[in-house]
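Here is how names work: the chains are called A, B, and so on, in the same order as the sequence lines, proteins then strands, and each is numbered from 1.
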Number of protein chains: 2
Amino acid sequence: MNIGEASKASGVSTKMIRYYESIGLISAPLRTESGYRVYSDNEVHGLRFISRARDLGFSVEQMGDLLALWRDRSRASADVKSIALEHIRVLDEKAKALKAMSDTLRHLADNCHGDGRPDCPIIEGFAQAAPTSVKKRQPRFGVTDIAPDRSHA
Amino acid sequence: MNIGEASKASGVSTKMIRYYESIGLISAPLRTESGYRVYSDNEVHGLRFISRARDLGFSVEQMGDLLALWRDRSRASADVKSIALEHIRVLDEKAKALKAMSDTLRHLADNCHGDGRPDCPIIEGFAQAAPTSVKKRQPRFGVTDIAPDRSHA
DNA sequence: GGTAACGCTTCCAACGATGGGAAGGTCAAG
DNA sequence: CTTGACCTTCCCATCGTTGGAAGCGTTACC
């Protein structure tokens, strides 16, 4: 299989496959005489593994750890589980933070007429008081924190 | 007030204040003869506004819109509300996506012994089946999608 | 044998928000 | 006058992913 086929079979774009190879997440595949990358079923399997881990929000670094465990037949499932549990914790924390923002905003929005008049609890809520006790910023989410919508493919 | 004081008073780092100025989110403040930025109470107020909007996950672009509305005394609260509602929708969507990931992973983890043995439903879950029907990737969250932890300040 | 579709490489850029640091100027207090 | 805390500008890095361009080789099909 060449890279295009491997991409289709795994759900990882050719760009990303080459990128993962460049950063050492996956090893360099064999090449044809003419230089084309050739992927074995096993390698495609690994790409699918990556695709799935990625969809669950694992970082490239974590995917590296998981791949190593995947390939290690003498792994301890405890090691896998601990990575997973830590990731779950992070995911839940993020979700909680998002929900808190949403709730705060919802509360403000519920009290906003939403008509042609200028008075608005939302704007006022941003403008007034609560000098945020200055430091110790909370982790934040921006609109773009969700990965750029690759779904326009 | 110089930039350091304005930063402390608003909760926006000096780096970010300069950055917001550079991208035109805020206008350039007056300078002393020696080139130091000087912030009025009003400008600090604006920075606090930004700080709060940012904590609710608004993007810089949206903050620009909100700031414009804030300064526009003839604004329609409906305009503010619509930005807020749209943002709430996005926040909820992200939270939902995170929760779905967490749940999937939790399910796998619950079935993992987590001991010294190698068999692990998590790894197996990643490795097997579900070729992701190839394309149309979902928006994803990576570990780093949560803003880098600035709280080590 | 031509052509289109794919592949190759390298490099460069961007996204968003933020931090880090270097190299230098300024200001206040001792 | 020195010291230290502040300010200035400028560039670089992060994180994951995508895009593009340039320039050329290969493969498959008609």
Side-chain angles (χ1 to χ4, degrees), chain A residues 1-8 11-26 28-39 50-51 53-64 90 94 135 137-153, chain B residues 1-8 11-26 28-39 50-51 53-64 90 94 135 137-153:
Chain A
M1 276 205 226
N2 63 25
I3 198 171
E5 292 169 312
S7 167
K8 278 170 197 147
V12 180
S13 72
T14 60
K15 275 271 190 192
M16 283 299 100
I17 295 176
R18 293 196 194 95
Y19 170 70
Y20 291 146
E21 181 186 327
S22 79
I23 61 172
L25 181 63
I26 57 180
L30 294 177
R31 303 274 187 135
T32 62
E33 288 183 5
S34 52
Y36 282 27
R37 288 171 179 82
V38 177
Y39 295 88
I50 287 173
S51 177
R54 193 182 57 164
D55 284 345
L56 287 176
F58 285 98
S59 69
V60 166
E61 192 182 355
Q62 284 174 312
M63 287 196 285
V90 171
K94 289 180 188 175
K135 52 200 74 68
R137 299 227 62 83
Q138 298 310 306
R140 288 182 323 98
F141 293 77
V143 159
T144 58
D145 287 340
I146 224 76
D149 191 353
R150 302 211 268 11
S151 65
H152 57 55
Chain B
M1 276 204 228
N2 62 25
I3 200 171
E5 292 169 312
S7 168
K8 279 170 196 148
V12 181
S13 72
T14 60
K15 279 275 188 190
M16 283 298 101
I17 294 176
R18 294 196 194 95
Y19 170 70
Y20 291 147
E21 181 187 327
S22 79
I23 62 172
L25 181 64
I26 57 181
L30 294 177
R31 302 273 187 137
T32 63
E33 287 182 7
S34 52
Y36 282 26
R37 289 171 177 81
V38 177
Y39 295 88
I50 287 173
S51 177
R54 193 184 55 165
D55 283 346
L56 288 176
F58 284 98
S59 68
V60 166
E61 193 182 354
Q62 284 173 312
M63 288 196 284
V90 172
K94 289 181 189 177
K135 51 198 68 68
R137 300 225 59 83
Q138 299 309 308
R140 288 181 323 99
F141 292 78
V143 159
T144 60
D145 288 339
I146 222 72
D149 191 355
R150 302 208 273 6
S151 63
H152 57 55

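- Remark: B:E5 CD to B:T14 OG1 distance equals 12.5 Å, nearest 0.5 Å.
- Applying the 3.5 Å distance criterion, the base of C:dG21 shares a donor-acceptor pair with the side chain of B:K15.
- A donor-acceptor contact under 3.5 Å is not formed by the side chain of B:Y19 with the base of C:dG19.
- D:dC6 atom P lies 11 Å from atom OH of B:Y36, rounded to whole Å.
- B:R18 comes within contact range of at least one nucleobase, with a heavy-atom separation under 4.0 Å.
- The OG atom of B:S22 sits 8.5 Å away from atom CE of B:M16, with the distance rounded to the nearest 0.5 Å.
- Between the C1' atom of D:dT8 and the CD1 atom of B:I17 lies a distance of 14 Å, rounded to the nearest Å.
- Per the geometry, CZ belonging to A:R54 stands 12 Å off P belonging to D:dG16, to the nearest Å.
- Distance CD1/A:I26 to CD1/A:I50: 5.5 Å, rounded to 0.5 Å.
- Rounded to an integer number of Å, the gap from CZ of A:R37 to C1' of D:dT27 is 17 Å.
- Computed from coordinates, the B:N2 CG to C:dC27 C1' distance equals 10 Å when rounded to whole Å.
- Whole-Å rounding puts the B:I50 CD1 to C:dT18 C1' distance at 15 Å.
- With rounding to the nearest 0.5 Å, the separation of OH in B:Y39 from OG in B:S7 is 9.5 Å.
- Across all strands, A:T14 comes closer than 4.0 Å to no nucleic acid atom at all (heavy-atom distances).
- Phosphate contact (OP1/OP2 of C:dA17, side-chain N/O of B:Y20, threshold under 4.0 Å): absent.
- For the pair B:R31 and A:V60, nearest-nucleotide mapping onto DNA chain D gives the more 5' position to B:R31.
- Between B:S34 and C:dC27 there is a side-chain polar atom (N or O) within less than 4.0 angstrom of OP1 or OP2.
- If B:M63 and B:E33 are placed on DNA chain C by their nearest nucleotide, the residue sitting closer to the 5' end is B:M63.
- B:S13 comes within 4.0 angstrom of the backbone, heavy atoms only, and of no base.
- If you take CG of A:D55 and C1' of D:dG16, they are 14 Å apart, rounded to a whole angstrom.
- Atoms CZ and CZ, from A:R37 and A:R18 in turn, are 5.5 Å apart once rounded to the nearest 0.5 Å.
- Protein atom CD1 of B:I3 is 17 Å distant from nucleotide atom P of C:dT26, rounded to whole Å.
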